[in-house]
Amino acid sequence: VFRSGHNGLKHIMQIKTKFDIGDAVYLLDGYKIRRANIVGVFFQQIGEAPCSIQYKFAVFPTRKESEVFKTKEELIKHISK
């Protein structure tokens, strides 16, 4: 939950992510499927646009939420489309 104040008003915004810090997920590293633990979560909200969520890993570059999968099978199904 993110709280901010402007002109004495308080706004509460709840951000929901598919995964949490510490979760083990699957992603593509070139042509290889890799398993990695999430070490950070970044979000960006501009106006009324949908929130952009990205995950940070210790070894791999930051990935968009749409590039990270709970299981190897989900990742294979996604790339088979």
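In what follows, residues are counted from 1 in the order of the sequence shown.
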Next on the checklist: Holding to salt bridge (Lys or Arg N to Asp or Glu O under 4.0 Å), I want the full list of residues that pass it with Asp29, two or more places apart in sequence or in another chain.
Outcome noted: Arg34

Checklist entry - Going through the distances and angles, do Ile33 and Leu28 end up as a side-chain contact (heavy atoms from CB on, under 4.5 Å)? => result CA-CA 5 Å; Ile33 295 175; Leu28 277 179; 3.9 Å; yes

Checklist entry - Can you tell me if Glu73 uses its side chain to pair, donor with acceptor, with the backbone of Lys77 under 3.5 Å? => result no

Could you grab the distance from atom [atom1] of [X] to atom [atom2] of [Y], nearest 0.5 Å is fine?
X	Y	atom1	atom2	value
Cys51	Lys16	SG	NZ	12.5 Å
Ile79	Tyr31	CD1	OH	11.0 Å
Lys18	Lys70	NZ	NZ	10.0 Å

Checklist outcome for this item: Closest non-hydrogen contact found for Phe19 with Phe69 is CZ-C, 3.9 Å

Next on the checklist: Minimum heavy-atom separation for Ser66 and His78, please, with both atom names.
Outcome noted: O-NE2, 4.3 Å

Next on the checklist: For Val68 and Tyr26: C-alpha separation, side-chain torsions, deciding distance, then whether side-chain contact (heavy atoms from CB on, under 4.5 Å) applies.
Outcome noted: CA-CA 6 Å; Val68 177; Tyr26 292 86; over 6 Å; no

With a 4.5 Å cut-off on side-chain heavy-atom distances among I, L, V, M, F, W and Y, is there a chain of contacts connecting [X] to [Y]?
X	Y	answer
Val25	Ile21	yes
Leu27	Val39	no
Val41	Val59	yes

Checklist entry - Will you find, in the side chains of Tyr55 and Glu65, an N or O donor that is under 3.5 Å from an N or O acceptor? => result yes

Next on the checklist: Between Asn37 and Asp23, is the side-chain contact (heavy atoms from CB on, under 4.5 Å) condition met? List the steps.
Outcome noted: CA-CA 5 Å; Asn37 288 358; Asp23 285 354; over 6 Å; no

Item to check | For Phe57, ring pair (Phe, Tyr, Trp, His ring centres under 6.0 Å) partners two or more places apart | outcome: none

